[in-house]
Amino acid sequence: MEAIRDIQDARFPLLTPNLKGFEAAIAAGAKEVAIFASASESFSKSNINCTIEESLARYSDVASAAKNSSIPVRGVPSGRKGTVIPMLEAVVDVIPIENVAIHFHDTYGQAHSNILASLQMGIGTVDSSIAGLGGCPYAKGASGNVAPEDVVYMLDGLGVKTNVNLQKLLLAGDFICKHLDRPSGSKAATALARTSAHISKLQDILLRSFFLRYCPFNNRCNRHCLSSSFGFPATHPPLNYLNGSLGPFM
(Lines give C-alpha, C1' and ligand atoms only; values in the text may rest on other atoms or scores of the structure.)
Protein backbone atom coordinates (compact mmCIF):
# COMPACT_ATOMS: atom_id res chain seq x y z
CA MET A 1 0.00 0.00 0.00
CA GLU A 2 2.90 2.36 0.66
CA ALA A 3 3.97 2.11 -2.96
CA ILE A 4 0.54 2.72 -4.51
CA ARG A 5 -1.37 4.94 -2.11
CA ASP A 6 -0.56 8.17 -4.00
CA ILE A 7 -1.33 6.87 -7.49
CA GLN A 8 -4.11 8.96 -9.03
CA ASP A 9 -6.97 7.87 -11.31
CA ALA A 10 -6.88 4.28 -10.03
CA ARG A 11 -8.79 2.38 -7.36
CA PHE A 12 -7.26 -0.27 -5.11
CA PRO A 13 -10.00 -1.93 -3.05
CA LEU A 14 -8.75 -4.37 -0.42
CA LEU A 15 -10.58 -7.58 0.44
CA THR A 16 -11.78 -7.38 4.04
CA PRO A 17 -13.53 -10.54 5.32
CA ASN A 18 -14.18 -9.16 8.80
CA LEU A 19 -13.93 -6.08 11.00
CA LYS A 20 -10.33 -6.85 11.96
CA GLY A 21 -9.40 -6.99 8.29
CA PHE A 22 -11.19 -3.71 7.66
CA GLU A 23 -9.31 -1.98 10.45
CA ALA A 24 -5.98 -3.31 9.14
CA ALA A 25 -6.83 -2.12 5.63
CA ILE A 26 -7.64 1.40 6.81
CA ALA A 27 -4.46 1.51 8.90
CA ALA A 28 -2.50 0.61 5.77
CA GLY A 29 -4.07 3.51 3.88
CA ALA A 30 -6.87 1.77 1.95
CA LYS A 31 -9.40 4.15 0.41
CA GLU A 32 -11.85 1.43 -0.63
CA VAL A 33 -12.65 -2.08 0.59
CA ALA A 34 -14.40 -5.13 -0.82
CA ILE A 35 -16.48 -7.86 0.80
CA PHE A 36 -17.06 -11.22 -0.87
CA ALA A 37 -19.69 -13.86 -0.27
CA SER A 38 -19.36 -17.50 -1.32
CA ALA A 39 -21.95 -19.51 -3.24
CA SER A 40 -21.31 -22.74 -1.32
CA GLU A 41 -20.85 -23.59 2.35
CA SER A 42 -17.74 -25.69 1.68
CA PHE A 43 -15.97 -22.89 -0.15
CA SER A 44 -16.97 -20.34 2.49
CA LYS A 45 -15.50 -22.53 5.22
CA SER A 46 -12.28 -23.10 3.25
CA ASN A 47 -11.87 -19.52 2.13
CA ILE A 48 -12.76 -17.45 5.21
CA ASN A 49 -13.42 -20.13 7.85
CA CYS A 50 -17.09 -19.43 8.48
CA THR A 51 -20.52 -20.30 7.13
CA ILE A 52 -22.32 -18.15 4.58
CA GLU A 53 -24.69 -16.86 7.26
CA GLU A 54 -21.77 -15.97 9.54
CA SER A 55 -19.99 -14.22 6.68
CA LEU A 56 -23.04 -12.05 5.95
CA ALA A 57 -23.17 -10.98 9.60
CA ARG A 58 -19.47 -10.06 9.47
CA TYR A 59 -19.96 -8.10 6.27
CA SER A 60 -22.78 -6.15 7.87
CA ASP A 61 -20.29 -5.01 10.52
CA VAL A 62 -17.70 -4.12 7.88
CA ALA A 63 -20.24 -2.17 5.81
CA SER A 64 -21.40 -0.20 8.86
CA ALA A 65 -17.82 0.65 9.85
CA ALA A 66 -17.00 1.68 6.29
CA LYS A 67 -20.06 3.91 6.08
CA ASN A 68 -19.10 5.62 9.33
CA SER A 69 -15.61 6.24 7.91
CA SER A 70 -16.91 7.34 4.47
CA ILE A 71 -15.05 4.44 2.84
CA PRO A 72 -16.60 2.99 -0.35
CA VAL A 73 -17.52 -0.70 -0.13
CA ARG A 74 -17.52 -3.12 -3.03
CA GLY A 75 -19.66 -6.24 -2.74
CA VAL A 76 -18.60 -9.38 -4.61
CA PRO A 77 -21.21 -12.16 -4.58
CA SER A 78 -20.39 -15.53 -6.12
CA GLY A 79 -22.59 -17.33 -8.61
CA ARG A 80 -22.98 -20.76 -10.11
CA LYS A 81 -23.42 -21.97 -13.68
CA GLY A 82 -26.59 -20.56 -15.21
CA THR A 83 -27.19 -18.05 -12.41
CA VAL A 84 -25.46 -14.94 -13.76
CA ILE A 85 -28.47 -13.19 -15.28
CA PRO A 86 -30.90 -13.98 -12.41
CA MET A 87 -28.26 -12.87 -9.89
CA LEU A 88 -27.63 -9.59 -11.71
CA GLU A 89 -31.36 -8.96 -12.06
CA ALA A 90 -31.68 -9.33 -8.29
CA VAL A 91 -28.71 -7.03 -7.69
CA VAL A 92 -29.86 -4.21 -9.97
CA ASP A 93 -33.23 -4.22 -8.23
CA VAL A 94 -31.51 -2.66 -5.21
CA ILE A 95 -28.31 -1.14 -6.63
CA PRO A 96 -28.12 1.30 -9.59
CA ILE A 97 -26.74 -0.55 -12.58
CA GLU A 98 -24.00 2.05 -13.07
CA ASN A 99 -22.61 0.99 -9.68
CA VAL A 100 -22.46 -2.69 -10.61
CA ALA A 101 -19.29 -4.39 -11.92
CA ILE A 102 -18.73 -7.98 -12.98
CA HIS A 103 -15.85 -10.25 -12.00
CA PHE A 104 -15.50 -13.60 -13.76
CA HIS A 105 -12.85 -16.28 -13.65
CA ASP A 106 -12.52 -18.46 -16.73
CA THR A 107 -11.98 -21.92 -15.23
CA TYR A 108 -14.72 -23.52 -17.33
CA GLY A 109 -14.48 -21.21 -20.34
CA GLN A 110 -17.66 -19.32 -19.43
CA ALA A 111 -16.21 -15.88 -18.65
CA HIS A 112 -16.69 -14.30 -22.07
CA SER A 113 -20.28 -15.46 -22.54
CA ASN A 114 -21.09 -14.21 -19.03
CA ILE A 115 -19.40 -10.89 -19.74
CA LEU A 116 -21.33 -10.46 -22.99
CA ALA A 117 -24.64 -11.27 -21.27
CA SER A 118 -23.82 -8.76 -18.52
CA LEU A 119 -22.93 -6.02 -21.00
CA GLN A 120 -26.21 -6.61 -22.81
CA MET A 121 -27.96 -5.92 -19.51
CA GLY A 122 -26.26 -2.51 -19.38
CA ILE A 123 -23.32 -3.19 -17.06
CA GLY A 124 -20.23 -1.26 -18.13
CA THR A 125 -17.48 -2.25 -15.67
CA VAL A 126 -15.55 -5.51 -16.05
CA ASP A 127 -12.86 -6.80 -13.68
CA SER A 128 -9.89 -8.57 -15.18
CA SER A 129 -6.36 -9.72 -14.34
CA ILE A 130 -3.46 -9.15 -16.72
CA ALA A 131 -2.45 -12.40 -18.46
CA GLY A 132 -5.18 -14.17 -16.49
CA LEU A 133 -3.01 -14.24 -13.36
CA GLY A 134 -4.49 -15.51 -10.13
CA GLY A 135 -6.50 -18.46 -8.96
CA CYS A 136 -7.56 -19.78 -5.59
CA PRO A 137 -5.78 -22.22 -3.25
CA TYR A 138 -9.17 -23.51 -2.03
CA ALA A 139 -10.61 -24.28 -5.46
CA LYS A 140 -8.51 -26.95 -7.12
CA GLY A 141 -7.83 -26.20 -10.77
CA ALA A 142 -9.32 -22.70 -10.60
CA SER A 143 -7.90 -20.26 -13.12
CA GLY A 144 -7.32 -16.59 -12.55
CA ASN A 145 -9.65 -13.74 -13.32
CA VAL A 146 -10.40 -13.37 -17.04
CA ALA A 147 -7.51 -11.71 -18.92
CA PRO A 148 -8.10 -8.12 -20.11
CA GLU A 149 -6.27 -8.99 -23.34
CA ASP A 150 -9.07 -11.46 -24.14
CA VAL A 151 -11.86 -9.12 -23.06
CA VAL A 152 -10.57 -6.16 -25.07
CA TYR A 153 -9.90 -8.38 -28.11
CA MET A 154 -13.49 -9.65 -27.92
CA LEU A 155 -14.97 -6.18 -27.49
CA ASP A 156 -12.83 -4.74 -30.29
CA GLY A 157 -14.22 -7.46 -32.54
CA LEU A 158 -17.76 -6.53 -31.54
CA GLY A 159 -17.13 -2.86 -32.27
CA VAL A 160 -17.39 -1.84 -28.61
CA LYS A 161 -15.19 1.14 -27.76
CA THR A 162 -13.15 0.54 -24.60
CA ASN A 163 -10.43 3.23 -24.79
CA VAL A 164 -8.00 0.46 -23.77
CA ASN A 165 -4.86 -0.06 -25.85
CA LEU A 166 -4.61 -3.78 -26.62
CA GLN A 167 -0.95 -3.57 -27.62
CA LYS A 168 -0.02 -2.06 -24.26
CA LEU A 169 -1.95 -4.82 -22.49
CA LEU A 170 0.00 -7.41 -24.48
CA LEU A 171 3.29 -5.78 -23.52
CA ALA A 172 2.30 -5.65 -19.84
CA GLY A 173 1.24 -9.29 -19.91
CA ASP A 174 4.46 -10.35 -21.62
CA PHE A 175 6.52 -8.42 -19.05
CA ILE A 176 4.88 -9.91 -15.96
CA CYS A 177 4.83 -13.46 -17.38
CA LYS A 178 8.55 -13.30 -18.12
CA HIS A 179 9.18 -11.91 -14.65
CA LEU A 180 7.17 -14.73 -13.05
CA ASP A 181 8.52 -17.33 -15.50
CA ARG A 182 5.07 -18.62 -16.35
CA PRO A 183 2.97 -18.78 -19.53
CA SER A 184 0.23 -16.27 -20.18
CA GLY A 185 -3.32 -17.30 -19.36
CA SER A 186 -4.60 -15.09 -22.17
CA LYS A 187 -5.70 -16.93 -25.29
CA ALA A 188 -5.54 -13.74 -27.37
CA ALA A 189 -2.00 -12.96 -26.20
CA THR A 190 -0.84 -16.49 -27.00
CA ALA A 191 -2.42 -16.48 -30.47
CA LEU A 192 -1.20 -12.99 -31.37
CA ALA A 193 2.34 -13.84 -30.21
CA ARG A 194 2.38 -16.83 -32.56
CA THR A 195 1.08 -14.70 -35.43
CA SER A 196 3.73 -12.05 -34.77
CA ALA A 197 6.47 -14.67 -34.68
CA HIS A 198 5.23 -16.12 -38.00
CA ILE A 199 5.21 -12.67 -39.64
CA SER A 200 8.72 -11.93 -38.36
CA LYS A 201 9.96 -15.24 -39.77
CA LEU A 202 8.33 -14.49 -43.12
CA GLN A 203 9.92 -11.03 -43.25
CA ASP A 204 13.31 -12.56 -42.48
CA ILE A 205 12.89 -15.07 -45.32
CA LEU A 206 11.95 -12.28 -47.75
CA LEU A 207 14.95 -10.17 -46.75
CA ARG A 208 17.31 -13.10 -47.14
CA SER A 209 15.83 -13.84 -50.56
CA PHE A 210 16.26 -10.22 -51.57
CA PHE A 211 19.95 -10.08 -50.69
CA LEU A 212 20.69 -13.36 -52.44
CA ARG A 213 19.07 -12.07 -55.62
CA TYR A 214 19.75 -8.32 -55.77
CA CYS A 215 22.70 -7.41 -53.59
CA PRO A 216 25.77 -6.42 -55.69
CA PHE A 217 27.91 -7.66 -52.80
CA ASN A 218 26.49 -11.16 -53.20
CA ASN A 219 29.55 -13.06 -52.09
CA ARG A 220 29.84 -10.97 -48.95
CA CYS A 221 26.11 -11.43 -48.34
CA ASN A 222 26.51 -15.16 -48.45
CA ARG A 223 29.23 -14.98 -45.84
CA HIS A 224 27.97 -12.16 -43.64
CA CYS A 225 24.50 -10.84 -44.40
CA LEU A 226 22.73 -14.16 -44.20
CA SER A 227 24.21 -14.82 -40.79
CA SER A 228 22.36 -11.80 -39.44
CA SER A 229 18.93 -12.34 -37.88
CA PHE A 230 17.56 -9.49 -40.00
CA GLY A 231 19.29 -10.47 -43.26
CA PHE A 232 22.17 -7.95 -43.15
CA PRO A 233 24.78 -6.75 -40.65
CA ALA A 234 25.51 -3.20 -39.58
CA THR A 235 28.52 -3.18 -41.94
CA HIS A 236 26.40 -3.82 -45.03
CA PRO A 237 26.30 -0.98 -47.61
CA PRO A 238 23.32 1.36 -47.01
CA LEU A 239 20.02 0.05 -48.32
CA ASN A 240 19.52 3.18 -50.44
CA TYR A 241 22.55 2.04 -52.42
CA LEU A 242 20.22 -0.55 -53.91
CA ASN A 243 18.00 2.16 -55.39
CA GLY A 244 14.83 1.09 -53.63
CA SER A 245 14.92 -2.48 -54.94
CA LEU A 246 13.72 -3.62 -51.54
CA GLY A 247 10.29 -2.16 -52.24
CA PRO A 248 8.57 -5.26 -53.62
CA PHE A 249 9.47 -7.16 -50.47
CA MET A 250 8.18 -4.67 -47.86
Side-chain angles (χ1 to χ4, degrees), residues 1 4 10-69 71-92 94-95 99-115 117-118 123 125-148 150-151 176-177 180 182-186:
M1 288 300 297
I4 63 175
R11 296 161 56 187
F12 301 99
L14 298 188
L15 297 174
T16 52
N18 50 44
L19 197 55
K20 183 178 180 180
F22 171 79
E23 292 169 348
I26 299 306
K31 299 176 183 178
E32 183 174 346
V33 298
I35 54 180
F36 46 99
S38 301
S40 71
E41 292 290 352
S42 60
F43 184 76
S44 184
K45 289 288 289 184
S46 297
N47 195 34
I48 54 178
N49 196 32
C50 68
T51 66
I52 294 176
E53 184 176 355
E54 289 169 338
S55 72
L56 295 177
R58 294 179 183 182
Y59 296 149
S60 178
D61 294 337
V62 172
S64 296
K67 183 177 181 180
N68 292 336
S69 301
I71 297 292
V73 179
R74 201 168 197 242
V76 187
S78 296
R80 301 183 185 183
K81 182 175 68 173
T83 65
V84 170
I85 292 179
M87 180 187 69
L88 290 176
E89 287 174 341
V91 170
V92 298
V94 294
I95 298 175
N99 292 342
V100 177
I102 49 176
H103 178 114
F104 294 116
H105 290 242
D106 201 28
T107 304
Y108 297 99
Q110 300 295 300
H112 297 87
S113 58
N114 287 334
I115 289 171
S118 302
I123 291 172
T125 303
V126 181
D127 285 356
S128 59
S129 175
I130 194 73
L133 297 177
C136 179
Y138 305 117
K140 188 176 181 180
S143 65
N145 192 202
V146 64
D150 294 348
V151 176
I176 191 62
C177 286
L180 297 175
R182 56 151 289 175
S184 174
S186 164

Determine the minimum heavy-atom distance between V33 and A25, stating which atoms define it.
CG1-CB, 4.3 Å
Tell me, yes or no, whether the heavy-atom count around E53 atom CD, taken from other residues, nucleotides or ligands under 6.0 Å, exceeds 12.
no
Considering non-hydrogen atoms only, spot the tightest contact between A111 and D106 and give its length.
N-OD1, 3.0 Å
Indicate yes or no for a side-chain donor-acceptor contact from S44 to the backbone of C50 under 3.5 Å, with no hydrogens or angles considered.
yes
Are the side chain of S129 and the backbone of L133 linked by a donor-acceptor contact shorter than 3.5 Å?
yes
In terms of heavy-atom contacts, V151 and H112 come closest through N-NE2, 4.3 Å
Identify the heavy atoms of K31 and P72 that sit nearest to each other, and give their distance.
O-CD, 3.2 Å
So, the side chain of N145 versus the backbone of F104: is there a donor-acceptor pair under 3.5 Å, distance only?
yes
I52 CD1 to K45 NZ distance, which is reported to the nearest 0.5 Å:
11.5 Å
Looking only at atom types and distance, does a side-chain atom of N114 sit under 3.5 Å from a main-chain N or O of Q110, one as donor and one as acceptor?
yes
Donor-acceptor contacts under 3.5 Å from residues 14-24 side chains, at least two apart:
| residue | atom | partner | partner atom | Å |
| --- | --- | --- | --- | --- |
| T16 | OG1 | A34 | O | 3.3 |
| N18 | OD1 | K20 | N | 3.3 |
| N18 | OD1 | G21 | N | 2.7 |

The test is side chain to side chain contact (heavy atoms under 4.5 Å, CB included); show your working for V92 and V100 and say whether it passes.
CA-CA 8 Å; V92 298; V100 177; 4.2 Å; yes
